[in-house]
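Computed over heavy atoms, backbone and side chain alike; hydrogens, waters and symmetry mates excluded.
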Amino acid sequence: MIRVLVAEDQSAVRAGLVLILRSAPDIEVVGEAADGEQAVALARELRPDLVLMDVQMPRLDGVSATRQVVAEGLADVLVLTTFDLDAYVFGALRAGASGFLLKNTEARDLLEAVRTVARGEGLIAPAVTRRLIAEFAAKPAREPAADPAVLDRLTRREREVLSCLGEGLSNAGIAERLDMAEATVKTHVSRLLAKLELRSRVQAAVLAQELGI
């Protein structure tokens with residue numbers, strides 16, 4: 001079972017999300033939060049596998065809540081937003097969220113996204129991720145640019161995998177591009193995340209874009 005905490009301040013939207021999630025036999029909703037502070041508190045208490053996090057909530061916004069949840073290793077975070085591309089989403093990804101979804105996502109796609117994140121596949125929809133990364137890579141940096149020297153920690157193959165992550169490719173896509181087994185790709189991704197001290201594939205994708213590799 002995938003244990004999910006739903007954090008959404010609009011009660012009607014939250015109820016709808018819970019209804020969809022509970023329709024799946026492999027997903028269990030273990031808690032509901034109406035604001036960011038409650039989301040962090042419940043994540044500490046319940047230790048879910050995943051937090052479905054709205055970005056715009058009272059008391060503590062979703063980006064700050066995401067940063068706390070991820071920093072404490074409490075759960076993976078899947079961000080929900082009403083906006084296709086905005087600063088909130090980018091901030092959440094930088095904070096360590098495993099991916100993001102639009103609130104108007106179809107029910108079956110929401111369920112699949114939850115399963116995808118639970119498997120450790122952070123790039124929910126590669127095409128959308130590519131648009132997101134390209135959008136923000138083209139704008140002035142909100143934080144200091146990454147130091148290219150961090151790439152010295154990686155092997156040549158790991159750099160190639162990082163470049164593919166920057167394009168929004170899935171494990172299967174990377175395996176096809178680099179002519180290697182998907183299991184080997186997963187190993188490379190895990191190692192490069194550890195070496196670069198990153199929490200998610202999406203953070204790696206943003207770093208690759210920032211470094212222009």
For Leu151, does its backbone N or O pair with a side-chain atom of Arg159 as donor and acceptor, under 3.5 Å? yes
Quick one: are Lys103 and Gln10 in side-chain contact, heavy atoms under 4.5 Å? yes
Where the side chain of Asp61 meets the backbone of Ser64, is there a donor-acceptor pair that is under 3.5 Å apart? yes
Begin from the C-alpha positions of Ile174 and His188 and carry the test side chain to side chain contact (heavy atoms under 4.5 Å, CB included) through to its verdict. CA-CA 11 Å; Ile174 296 172; His188 283 309; over 6 Å; no
Do the non-hydrogen side-chain atoms of Leu101 and Val79 ever get within less than 4.5 Å of each other? no
Partner set under side chain to side chain contact (heavy atoms under 4.5 Å, CB included) for Glu176, not counting sequence neighbours: none
Which heavy atom of Ala65 sits nearest to which heavy atom of Gly36, and what is that distance? CB-O, 3.9 Å
Inspect the contact between Glu160 and Arg177 and indicate whether a charged nitrogen and a carboxylate oxygen are less than 4.0 angstrom apart. no
Using atom types as modelled and distance alone, determine if a side-chain donor or acceptor of Arg3 lies under 3.5 Å from a backbone N or O of Val30. no
Is any side-chain heavy atom of Ser98 closer than 4.5 Å to a side-chain heavy atom of Leu78? no
Could you please spell out the steps behind the side chain to side chain contact (heavy atoms under 4.5 Å, CB included) verdict for Val189 and Arg201? CA-CA 8 Å; Val189 171; Arg201 294 165 60 98; 4.0 Å; yes
Audit row: Val6, Val51, side chain to side chain contact (heavy atoms under 4.5 Å, CB included) steps and yes/no: CA-CA 6 Å; Val6 178; Val51 179; over 6 Å; no
Would you please test Asn171 and Arg119 for side-chain hydrogen bond (donor to acceptor under 3.5 Å, both in side chains) and show each step? CA-CA 12 Å; Asn171 282 348; Arg119 288 196 303 267; over 6 Å; no
Would you confirm whether Thr184, through its side chain, and Met180, through its main-chain N or O, come within 3.5 Å as a donor-acceptor pair? no
What are the two closest heavy atoms between Leu154 and Leu162, and how far apart are they? CD1-CD2, 3.9 Å
Quick one, Asp35 and Asp9 - any side-chain contact, counting heavy atoms below 4.5 Å? no
With no hydrogens and no angle check, is any side-chain donor or acceptor of Glu112 less than 3.5 Å from a backbone partner on Arg108? no
Leu46 versus Gly31, closest heavy-atom pair with distance: CD1-CA, 4.0 Å
With sequence neighbours excluded, give me every salt bridge (Lys or Arg N to Asp or Glu O under 4.0 Å) pair touching residues 19-29. Asp26-Arg115
Applying side chain to side chain contact (heavy atoms under 4.5 Å, CB included), name anything that partners Ile27, two or more places apart in sequence or on another chain. Ile2, Val4, Leu21, Ala24, Leu111, Val114
Specify the closest pair of heavy atoms between Ala204 and Leu198, including all atoms of both residues, with the distance to one decimal. CA-CD1, 3.6 Å
Salt bridge (Lys or Arg N to Asp or Glu O under 4.0 Å): which pairs involve residues 68-77, sequence neighbours left out? Arg44-Glu72
Between Leu60 and Val40, is any pair of side-chain heavy atoms under 4.5 Å apart? yes
Minimum heavy-atom distance Leu110-Ile20, with the two atoms named: CD2-CG2, 3.8 Å
Pairs touching residues 178-188 that satisfy salt bridge (Lys or Arg N to Asp or Glu O under 4.0 Å), sequence neighbours left out: none
Do Lys195 and Glu158 pass the salt bridge (charged side-chain N to carboxylate O under 4.0 Å, His left out) test, and can you show the C-alpha distance, the side-chain angles, and the key distance before you say yes or no? CA-CA 10 Å; Lys195 288 181 179 181; Glu158 287 165 350; 2.9 Å; yes
Between Glu8 and Met57, which heavy-atom pair has the shortest distance, and what is it? N-SD, 3.8 Å
Should we say atom CZ of Arg14 is surrounded by more than 12 heavy atoms from elsewhere, each under 6.0 Å from it? yes
Steps toward side chain to side chain contact (heavy atoms under 4.5 Å, CB included) verdict (Val161, Leu192): CA-CA 9 Å; Val161 172; Leu192 72 85; 3.8 Å; yes
Sequence neighbours excluded, which residues qualify as side chain to side chain contact (heavy atoms under 4.5 Å, CB included) partners of Ala12? none
Under a 4.5 Å cut-off applied to non-hydrogen side-chain atoms, are Leu178 and Val185 in contact? no
